[in-house]
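Chain A is the first sequence line, chain B the second, and so forth, proteins listed ahead of strands; every chain is numbered from 1.
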Amino acid sequence: MSIDTGSAGVKRRDFLKVLGAAGAAGATIGCGTDDVGKLIPYLESPDNTVPGVSNYYATTCRECAAGCGVIAEVRDGRAIKLEGNPEHPLNRGALCSTGQAALQGLYNPDRYRGPMAREGGRLVPTTWEKALATLGQQLTGARGNAGATFINQSESGSFPVFLDQWLSAFGLPAHLSYDADLPASAVQAHREVYGVAWPTFDFTATRLVVSIGADFLDNWGASVPQQLSWGDARAKLADAPRLVYIGARRSLTGLNADEWIAARPGSELLVAQALFGEGDVAQAAQAAGVSAEQLQRLATELRGGTPSLALAGTSGPDATEVALAAARFNQARGAVGTSVKPAQPVLGFEGGASYADVRALVQRMNAGQVPVLMVRGANPAFTTPRSLGFADAMGKVPFKVSFSSFPDETSELCDLVLPDHHALETWGIAQPVPGTISLQQPTMTRPVFNTRPTGDVLMAVSKATAVGAGAYAAYADYAAWIRAQFPGGPSALAAALPTGIARGSVPARSAPASAAAPVAAPAAPARAEGELHLVVYPSPLLGTGSGGNKPWLQELADPVTKISWQSWVEIHPLTARRLAVVNGDHLTVQTATGSVTAPAYLYLGIQPDTVAIALGRGHTAYGRYAKGIGINPLDILAGGEDSRSGALSLVTTARVTKAAGHADLVTTEGSARQHGRNIAQAVAVSALAALQPAELQPGGRFGSSNATENAPYGGVVPGTEQGHGGGHDIPGLPSSKPLPGLRSPIAADAQGELADSSGKDLGMYDQEHWSGMAKRRWAMTVDLARCTGCSACVTACYAENNIPTVGAPWQGRATSPVTWDETPGANIVKGREMTWIRLERYFEGGEDGSADFETRFIPMLCQHCGNAPCEPVCPVYATYHSPDGLNVQVYNRCVGTRYCSNNCPYKVRYFNWFGFGEPNRRQYAFPEPLNWQLNPDVTVRGKGVMEKCTFCVQRIREAENRAKLEGRPLEGDEFTVACAQACPSRAITFGDAADASWSVAQLAVDRRAYHVFEELNTFTAVVYLKKVNHAAPSASPTA
Amino acid sequence: MTRGRKWAAIPGLALIAAVATVLSAYSGAQAGAPAQAATAAQPPVATPTDTAVLRQQRDTLAEPGPWAYSAASSDQGYAPEQPVNFPHPVHVQSLQMNCVYCHFAADKSPDPGMPAVGTCMGCHTVVAAGKPEIQKLAKYYNEKKPVPWVRIHKVPDYVHFPHMRHVDAGVTCQSCHGQVQNMPRVYQYSSLNMGWCVSCHVERKARYDCATCHY
Amino acid sequence: MGTVAARPEPEVGLPNIPSANVQLPAVRDYEQVDREIAATLNPTKAWFGALGLSFLMMLIGAAAWTYQIYWGLGQAGYAPPVMWGVYIITFVFWVGIGHAGTLISAILYLFRAGFRTTIYRCAEAMTVFAVMTAGLFPIIHIGRPWKAFWLIPYPNWRLIWPQFKSPLVWDVFAISTYLTISATFLYVGLVPDIAVLRDREKNPVRRKILSVLSMGWQNTEREWRHFTRAYLFLAAFSTPLVLSVHSVVSFDFSVALVPGWHTTIFPPYFVAGAIFSGIGMVFTIIIPIRKWFNLKHYVTLNHLDAAAKLCLFTSMVVGCAYLIEFWVAWYSGNPYETNFFWNRVFGQWWWAAWIMLTCNMILPLSLFSQKLRRNTTWLFILSLFINLGMWYERFVIVVPSLSHEFEPWQWTAYVPSWVDMAFLIGSFGWFFMWFLLFIKQLPVLAIAEVKEIVPPQLRTAHPEGLTPAGLHKPYMADTPGEFD
């Protein structure tokens, strides 16, 4: 039937069935995996669960050290969506892509099904009893041995404390809290100057931000709070801070900067001294390869009165020095307390071990001093340079235990795997900021697989071996221990559960001082003749690799290069020309310790003497979505360290040569230039005042102050006054006098202006058929001044709308009747990605390869045109305009002529080329149990039908139903759509533009508002607010 | 008649055939009133032999939509054997139990909800515990297995039917499910075809553009 | 039909034959016509070979379709936003082929252009089969072909109807109407000829079938009167279709707002192109037929010459349309248009555009030379180029437009896949399979109409036409337009 219905995969009402597939018959939930045609009731009805209605559990995100608060939407016992917790002090309701993708970790098809033990060289399933017995016996053996090591992920809250207690009971040293993503140098500098590992940065209090390689919008520290603050700051428009980015590579943060100083790697310290201290500007400029005037201007600006904030996050051997220079500058300029708030530190970054500690550990392992190695939540075998030889060193460890849920590079080498619960399945306490506890509670009725919380395992071991069992005598399991830990005890905890937040603090772990003395890499790596600098950086999406097994993150185009499912080498176009290299040509990057080959990506935003490679790909294990995708630049890093923090130096030099072969870039980028089409518009801050608030023009559209400047029709927009006639009356439709741009004649029809009571039944446009929906015009505004291009909205859309990922190696098409195209991202190369909302990244200027170019991000989604080109061309009425102003796509009516897509100027309609949503298909996108995440309120589309953004119509209906049941009308801003909900810079606003109580109604008439392709008379419901550019004081304004 | 006339007759006949087809397709516009159709029916409360069930169905099915010719198929009249033969008449008529006592979510969720086996056992641990059907039920309960009821009323997965909105709007259970309180064995009473939905929405002036149910 | 350069004066006493003269000097009498044309119906090895080949090609297409329906359209070369590709191109291509048939058989009939007589049957059959082929592609190209019937308005339980604003729905009507009318037209024209076959048929079964098909034609005055009326009526009836159908097809594009599609010149441009491509295909078909079926003295060089002039004319119309498109793009000052057309002709798609321009605009100019017009080898080669060029014309219209639309971020490329190619091959197989079956079942020349143009003085065998033995005298060979 899936073929006939245009809906396939997991059925809306199949959920109990799917749940049943989880394994043994559950205590509370019945299960039957047999047949769709069965109605499976509960065995005992669980409390506060209504079938078909979601519950919401507040818990804590453990994807990175920050510990943001998330709210998990749970339907019939399974988490189906993660959203930020509005109450949470860190993320205030927003959530980054990585956090949202935690669900695909929970439901990852490659998770360990249960405990594994090494027999005859391979890991084979075993029972928990056997596994625990082995562990206990090994630990008693290693008891009191100072060499035994436990590596734990870097996290705040109670578990580290619990772990150290437990270790000390066995006489083992405190654990290493290792996080490869941790910017250790910055942390070191912060500790030395501010006294905390990570202060809160508040950008609203400053007017000039100088970032030396500090990617505070990517993943440098706590990115979500930083993005929120940055968004608020930029929303101050005229009073917003200007951002100057100094570094060899323009990261996402760099692309958001108003000015880029392309300093060579290694010259940052000199530049920092020149800017912040008494360094010599000329010398710095010479070393950095930038113009002295530019530096001088900035230096003077910094010495001037403007409140400024300096951030430094370089990754070279002198990283801490640079960071210190910046921090001291902030101190000297009194930014501490206003822009830098050590009083509100992000505690997740405390107590992290540095790379030097890991190196020291490897030395001990090689020396055979480590009898037992336990790893939880970290993957050092992958996240350390191959030259360090962590994997080999593990071979010298007699007994290795992994608590990893996933078959990653480290656990593959272990003798015993005791898979931990996913964070969404466990109890826990996090301490994101002082004075606030963030609770972690299970969101699943039952764990997905036969896993156990590491806390329980450790407890069980100590009880079994009677080592330190006394401490746990009172507790049945780790959860009980947590409840006891909670200030105020179980009752307080119960009270805190609804919000997931509680005042107070839990005892924090006192991290042991790093024992290892860093081995400094050669300061500023000298570049031999014919060599280029090599910069390696953690991917904003995949980090140093932990995200690799989540298809959403693999599929999501890198915010900067727009490449997915692939590794690439960023190289400057001029350098590329010298090497006779074009996009996609293979480049070999050769360092002292090895070489990697990857396709070239010609990137304006990289310093010409430099190439850059992102971390995060090149896994040799870690499941079907990660294994064998791309390359890992850590394979060629020598492993030098920052002399002060012991952080791994990610900068070196390399010989870059053109290799044989060419690979199509798996990119969503067509042309990165707007060709004067004014899709992403910007206004200079100087010109801001001149913008008039939108007025109703004849024709009911914005007074296009921009139209005269830069409309493609030489300033004359057809259908406006300057054009012919004014107005845009569509023959036969009387009305064209609506709110600016938002109500087309057809939407006006929905306003009842066409309802002719004397006439016969007007079908769906008959007011009588509206169930009170008459006065709505769902609309959206996107503030480009806030948008940073982080792409969290895209992931949110994937999660909410059951969008299939199409880039996996087995999802391609047949290249012949017998062979398949198995290159990762083959579909995306052909432009078949299904991103209902996509982030377009346009460059302005820099055609000559100069560093002076501007980037404009614009989220492009279905514009829900009031006068939609797609509607009249569909032969079967599969797309039409609903009375409340939605451009509706009816999947089960669609026959797939794709005419609508041809006629869509915004190209936001997507086609199901294969059975992405159909189980037992080669291209199926949701292999069990990934399909547990599917949203039951959204049809899973089958092959051969069109799909597109629906403005989350399921949320609209849900809200309407709720309001109806409560016998009240919808209230302003009562709900919002998935992309708007997730947006960490709060750029997206959704609501009813026809009702002033929704904030979108005001934003839609903002002075910066405009429509994309306004001249096509589509009357879009998506209104963009122009980006605001802050030119350097002396430089001429560029808009 | 001459040969010429004979051939001239062919298009005429074809035309008549076409018109006849279209007209015969139209089975009267008074659809969308399944409720009345239901009240007319008085099925016997009897032990459900298949013949009885089939007779009932023949007698008491709802009117189809106005157009009988349709690409849409329907399981109208489907009356499968259930794992436990649950007699609605006894519970509803004799014991005066309300529908939402067991289908507890019908007025607050899109999903009406099926009673948990525990709910059944709430009474049946004592009531009629000896009866063979109840023993079947108890068996499921003791084996911690839910009863695999056979689904009868099902709309496709791309149709969203929020029960609470209809209950809230005063649509009786019987208007779609028929006189379940009289059914020894439950059968699909309505066609559940789109035309059947739409005609009711039109009749009741409910919103009926596609995105009301399809999204 | 202007006369042409000097040629040897015809001998006195014989009919003067200018190039426009379509008489058939080599045809002596009706009996000869019947005999020679009926003779073409005897199957030959070559025919079986050709039929087998085209059947095989058809199977390739059928297999590809099964494969594609199972896996999904992703197996084709589509690269969004290029959402239409080879299938729509081939659809328009075959519809276009279809047009020459009706033009030749209907319009030229109304204009009394005699040279149509010997080629129209062939062209008309080509029309029917071409439209049959074209009609498949809209179904092939949609995502859920098993739902294609939703495009047809029919009373249904869902109470929903097609979107009558959509050109694709207009297509349904246009194509089905066109197929019906042209098939009827073909059949009606065949009736007297079938009667001829019936009378010559020995095999009782075939004879029965033929007599049914011939509707008991008795060759009476009255029947002829009705026949010619009906024929005239159908000709008049299908004439507007020639213009309307391809105009409707062109609306598929011109109604959309895609740069390169959204232009008012499309209807005339498409009609001219269609006729042009159709005549090209007529040459491709008729030239081998007249050679292998020994019909050179029926389809004379004069006929081909005249048809070639028509070909030249339509080619120039099409060329004119191309140039106007470019001019408008420049003159409009619309950046989308100008940018797009530059990209079409000198950018990404230059090669396709230049194949189109060369084959459709430049090569046909050679037909200004009478020598080449009367050189069947050249005509045949040229016709192949025309077919290629017209396929590429549709490629140039469909693909570059979609690949280079308003949204630069979504600009892309397009490469057909092996599945696309299988369908293309299959479509030719399907077309030629039907055509080959046709030409061995029914006369590929209109017997009755050929008889009409046999010069009166030659209509019946007469003494001076006969040898003493009562056989036909050998025909004098020196008449221009006689042999190649």
Of the listed residues ([options]), which shares the most heavy-atom pairs with chain A below a 4.5 Å separation?
| options | result |
| --- | --- |
| C/Ala422, C/Pro81, C/Ala63, C/Ala413 | C/Pro81 |
| C/Val419, C/Val169, C/Leu257 | C/Leu257 |
| C/Pro138, C/Ala64, C/Gly77 | C/Gly77 |
| C/Gly143, C/Pro167, C/Gly74 | C/Gly74 |
| C/Ser401, C/Pro259, C/Gly72, C/Ser166 | C/Ser166 |

Item to check | Best-contacting candidate, A/Gly812, A/Ser901, A/Pro817, against chain C by heavy atom pairs under 4.5 angstrom | outcome: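 Most heavy-atom pairs under 4.5 Å with chain C: A/Pro817.
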
Do you know which of A/Thr815, A/Asn827, A/Asn912 has the most heavy-atom pairs under 4.5 Å to chain C?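 Max contact count across the listed options: A/Thr815.
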
Taking everything shown except [X] itself, do over 12 heavy atoms lie less than 6.0 Å from its [atom1]?
| X | atom1 | result |
| --- | --- | --- |
| A/Trp820 | CH2 | yes |
| C/Phe55 | CZ | no |
| A/Trp810 | CH2 | yes |

By a 4.5 Å heavy-atom criterion (distance strictly below it), what part of [X] contacts chain A: side chain, backbone, both, or neither?
| X | answer |
| --- | --- |
| C/Tyr87 | neither |
| C/Ser417 | both |
| C/Ala76 | backbone |
| C/Trp170 | neither |
| C/Ile139 | neither |

Sort [X] into side chain, backbone, both or neither according to what part of it lies under 4.5 angstrom from a heavy atom of chain C.
| X | value |
| --- | --- |
| A/Arg909 | backbone |
| A/Arg922 | both |
| A/Ile828 | neither |
| A/Glu840 | both |

| task | Please step through side chain to side chain contact (heavy atoms under 4.5 Å, CB included) for the pair C/Trp150 and A/Arg893, ending with a clear verdict. | result | CA-CA 9 Å; C/Trp150 280 350; A/Arg893 179 65 174 173; 3.4 Å; yes

Nearest heavy-atom pair of [X] and [Y]: which atoms, and what distance?
| X | Y | result |
| --- | --- | --- |
| A/Pro905 | C/Glu407 | O-CB, 3.7 Å |
| A/Tyr899 | C/Phe253 | OH-N, 4.2 Å |
| A/Pro875 | C/Leu151 | CB-CG, 3.9 Å |
| C/Trp84 | A/Thr897 | NE1-O, 2.8 Å |
| A/Ser816 | C/Tyr67 | O-OH, 4.3 Å |
| A/Arg832 | C/Tyr78 | NH2-O, 2.7 Å |

Separation of [Y] [atom2] from [X] [atom1] (nearest 0.5 Å):
| X | Y | atom1 | atom2 | answer |
| --- | --- | --- | --- | --- |
| A/Arg673 | C/Trp411 | CZ | CH2 | 12.0 Å |
| C/Leu73 | A/Lys943 | CG | NZ | 9.5 Å |
| C/Gln75 | A/Trp913 | CD | CH2 | 11.5 Å |
| A/Cys894 | C/Lys147 | SG | NZ | 11.5 Å |
| C/Asn339 | A/Arg677 | CG | CZ | 5.0 Å |

Counting N and O atoms only, with roles assigned by atom type, does the side chain of [X] sit under 3.5 Å from a partner on the main chain of [Y], one being a donor and the other an acceptor?
| X | Y | result |
| --- | --- | --- |
| C/Trp418 | A/Ala814 | yes |
| C/Trp409 | A/Thr668 | yes |
| C/Gln410 | A/Tyr906 | no |
| A/Arg898 | C/His141 | yes |
| C/Arg144 | A/Asn892 | yes |

- What class does the angle between the rings of A/Phe1013 and C/Tyr336 fall in, given that below 30° is parallel, 30 to 60° is tilted and above 60° is perpendicular?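 Perpendicular.
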
| request: Establish, for the pair A/Arg813 and C/Trp71, whether the NZ or CZ atom is under 6.0 angstrom from the six-membered ring centre and no further than 45 degrees off its axis. | output: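 Ring-cation test returns no.
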
- prompt: Is the A/Tyr877 to C/Trp161 ring centre distance short of 6.0 Å?
  reply: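 No, ring centres 6.0 Å or more apart.
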
